[in-house]
Amino acid sequence: AAKTDEVVFIDDKFKSPELLEKLHQPCLRASLVFPVKNGKKIFGVLNLATSSKRHKFNRENIASIARLVKMVDTVLS
């Protein structure tokens, strides 16, 4: 996420061998990684994960998280 300045969604359909070999938490069902910026400079990421089959990321909560990250970006700029 920090490298590409894009949100990364990792679930059982994720197909990036470069990243998958670095992931060592098989109990996680899904993860969302958002870049956190100060202006155009990325200084970190927000990583949210779930280990439950019942609690899935959906469009609504992804959009809410994106708005939250955008507010943080605005405050830090």
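Hydrophobic clustering, with ILVMFWY side chains joined whenever heavy atoms are under 4.5 angstrom apart, groups Ile65 together with Phe43.
We find that Asp5 and Lys37 are joined by a salt bridge, their nearest charged nitrogen and carboxylate oxygen being less than 4.0 Å apart.
Counting all heavy atoms, side chain and backbone alike, Val45 lies closest to Val33 at CB-CG1, 3.8 Å. The nearest pair of heavy atoms linking Leu48 to Phe57 is O-CZ, 3.7 Å. The shortest non-hydrogen separation linking Pro35 to Ile42 is CB-CD1, 4.2 Å. When all heavy atoms are compared, the tightest approach of Ile62 to Phe34 is O-CZ, 4.0 Å. Across Ser31 and Asn47, no two heavy atoms sit closer than the pair OG-OD1, 2.7 Å.
Looking at Val75 and Val72, their side chains never come closer than 4.5 Å, going by heavy atoms from C-beta outward. Side-chain contact check for Val8 versus Leu32: every heavy-atom pair is 4.5 Å or farther apart.
A donor-acceptor contact shorter than 3.5 Å is absent between the side chain of Asn38 and the backbone of Lys41.
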